[in-house]
Protein chains: 2
Amino acid sequence: MTVWDRPEPPTRPVPLDRERIVAAAVALADEGGLEAVSLRKVAARLNAGPMRLYGYISTKQELFDLMVDEVYAEILPEEQPGDWREALSALAHRTRRAALRHEWLADLLGGRPTLGPNGLAVAETTLAALDGIADVDTGMRAVETLSAYFTGAIRREIANLRAERATGLSKRDWQHASGPHVTRMLATGRFPALAKAVYDGTDVDAEASFATGLDWVLDAVAAKLTRP
Amino acid sequence: MTVWDRPEPPTRPVPLDRERIVAAAVALADEGGLEAVSLRKVAARLNAGPMRLYGYISTKQELFDLMVDEVYAEILPEEQPGDWREALSALAHRTRRAALRHEWLADLLGGRPTLGPNGLAVAETTLAALDGIADVDTGMRAVETLSAYFTGAIRREIANLRAERATGLSKRDWQHASGPHVTRMLATGRFPALAKAVYDGTDVDAEASFATGLDWVLDAVAAKLTRP
DNA sequence: GAAGGGGAAATACAGTGTATCGACATGATG
DNA sequence: CATCATGTCGATACACTGTATTTCCCCTTC
């Protein structure tokens with residue numbers, strides 16, 4: 001019996017771990033959004049059967065949790081600046097940039113408590129930045145308020161970005177010329193304040209808007225820190 | 001040929017409109033969350049075939065948009081108080097309470113631009129509250145900042161609420177005693193600031209936390225309004 | 001060599017959003 | 001009154017989803 005007659009030994013299944021799985025899922029989501037992530041496609045990308053993933057996660061939600069924590073690794077700053085304000089500001093901006101790299105993050109942000117190692121690490125360094133500056137309670141309140149702000153702001157920014165992309169219109173064009181529905185509504189005169197805002201408002205770019213809102217919130221935090 | 005032999009005339013299809021459809025969808029979502037909303041189930045609740053809905057909406061996303069706008073009708077205040085600060089605060093609290101009544105709103109909040117009639121009406125009254133107090137640009141920035149805050153805060157609150165419900169543990173219990181994963185992580189000593197926050201922090205109820213964060217942001221807005 | 005165990009894969013199921021198509025009640029027209 | 005066009009509704013179909021269950025086969029251990 002020659003070599004040719006003997007069948008090749010069966011290919012061992014490719015080794016798997018959460019890291020690989022999450023990487024595949026993130027890649028899929030980066031390319032086609034969250035809805036492009038299906039267990040079948042993730043598994044296929046790893047040359048594995050779908051059910052194999054259930055050894056590493058027990059539900060699709062858990063895969064999302066892992067994906068979010070993976071991105072928190074990008075958000076975690078390598079070294080902390082001394083100033084608490086810089087630290088918090090950096091956290092906000094890093095989160096925003098991460099969401100711009102992985103737009104699907106906006107869909108998940110704030111959706112579930114972040115209990116993964118990187119999420120906890122981010123929480124740690126954030127709270128640590130306020131250590132000694134404020135008592136525990138005001139510190140927590142500050143972090144919560146700030147993160148509520150940038151979570152919401154990021155979500156809105158991504159939402160607008162998608163809307164512009166979908167209609168093919170820049171925000172300015174959309175407001176001024178085309179955007180049939182909104183234009184028609186504004187023309188009814190039932191929304192004078194809104195109309196004024198839309199037509200008289202100077203359009204600032206998203207980053208600047210994010211930054212000024214952030215500054216306001218940081219100002220508020222600063223005011224509470226100094227006065228216990 | 002008697003009456004009994006003749007078949008009854010065919011039952012006319014039940015009349016339908018967006019209002020009925022949205023009401024059915026909202027009811028479904030209130031009972032079982034957003035994932036309980038399927039076009040088939042919505043249609044079934046209206047004694048109609050699934051495909052019939054496509055005369056009124058062209059995609060499931062649009063149904064969600066209509067649902068959100070429906071809730072904005074609850075958020076819209078009946079009469080506006082004079083003070084801008086009261087007005088903005090009321091908007092935030094009304095949105096929060098709406099989300100507590102319809103928890104699925106948290107999943108949709110900030111996810112897409114709100115262009116429905118009620119959403120626009122809310123935007124209108126909100127901007128109107130700042131009319132004369134601030135120039136257009138700072139007014140918009142104020143509204144955006146504030147709504148980013150409460151959007152994020154509401155999402156987190158609902159997320160925590162669900163997590164507590166799922167584990168059957170109150171936040172306090174979860175942090176202190178059981179919650180194996182978090183407890184173990186904190187015990188490693190790698191998260192000292194976080195551990196201090198968890199163990200030394202006094203737990204305030206969600207509404208109070210929401211309100212203080214809101215006050216901070218409103219303070220910040222007030223500071224920017226007075227000083228142009 | 002035989003038996004057992006464990007993990008991967010195949011199959012199965014109930015459900016999803018949406019496209020397509022056939023039938024049929026209705027209103028217009030002869 | 002008969003016929004035809006029209007438009008709408010429902011049935012069917014399709015590709016896909018998350019997940020439970022079953023089947024199978026390789027490796028280890030006697």
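Predicted model only: the values in this text are computed from it and were never measured. To find a chain, count down the sequence lines: A is the first, B the second, and so on, and within it residues start at 1.
- Summarising the local packing, CD of Glu207(A) is surrounded by 12 or fewer heavy atoms from other residues, nucleotides or ligands at distances under 6.0 Å.
- Using modelled atom types, no side-chain atom of Arg156(B) and backbone atom of Gly110(A) make a donor-acceptor pair closer than 3.5 Å.
- Within a 6.0 Å radius of CD in Glu79(B), no more than 12 heavy atoms belonging to other residues, nucleotides or ligands are found.
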Dump every N/O contact between nucleotides 16-19 of chain C and the protein below 3.5 Å, one line per pair.
| from | atom 1 | to | atom 2 | distance (Å) |
| --- | --- | --- | --- | --- |
| dT16(C) | OP1 | Ser38(B) | OG | 2.9 |
| dG17(C) | OP1 | Leu39(B) | N | 3.4 |
| dG17(C) | OP1 | Lys60(B) | NZ | 2.8 |
| dG17(C) | OP2 | Leu39(B) | N | 3.0 |
| dG17(C) | N7 | Arg40(B) | NH1 | 2.5 |
| dG17(C) | O6 | Arg40(B) | NH2 | 3.0 |
| dT18(C) | OP1 | Thr59(B) | OG1 | 2.9 |
| dT18(C) | OP2 | Tyr54(B) | OH | 2.8 |
| dT18(C) | OP2 | Lys60(B) | N | 3.0 |
| dT18(C) | O5' | Tyr54(B) | OH | 3.0 |
| dT18(C) | O4 | Arg40(B) | NH2 | 3.4 |

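- Distance Leu63(A) CG to dT19(D) P: 10 Å, rounded to the nearest Å.
- Salt-bridge annotation for Glu31(B) and Lys41(B): absent, with no side-chain N of the basic residue lying under 4.0 Å from a carboxylate O of the acidic one.
- Going from atom CG of Leu53(A) over to atom P of dT17(D) covers 13 Å, rounded to whole Å.
- Between Arg52(B) atom CZ and dC24(C) atom C1' the separation is 15 Å, expressed in whole Å.
- By the neighbour-count criterion of 12 heavy atoms within 6.0 Å, atom NZ of Lys60(B) is densely surrounded, having more than that number from other residues, nucleotides or ligands.
- The salt bridge (Lys or Arg N to Asp or Glu O under 4.0 Å) test with Glu74(A) singles out one residue from Arg94(A), Arg97(A), Arg101(A), and that residue is Arg101(A).
- Axis angle between the ends of the helix from dG1(C)-dC30(D) to dG30(C)-dC1(D), five pairs each and rounded to 10 degrees, works out to 30°.
- Rounding to the nearest 0.5 Å places CZ of Arg40(B) at 11.0 Å from CG of Leu53(B).
- With ring centers used as reference points, His93(B) lies 6.0 Å or more from Phe150(B).
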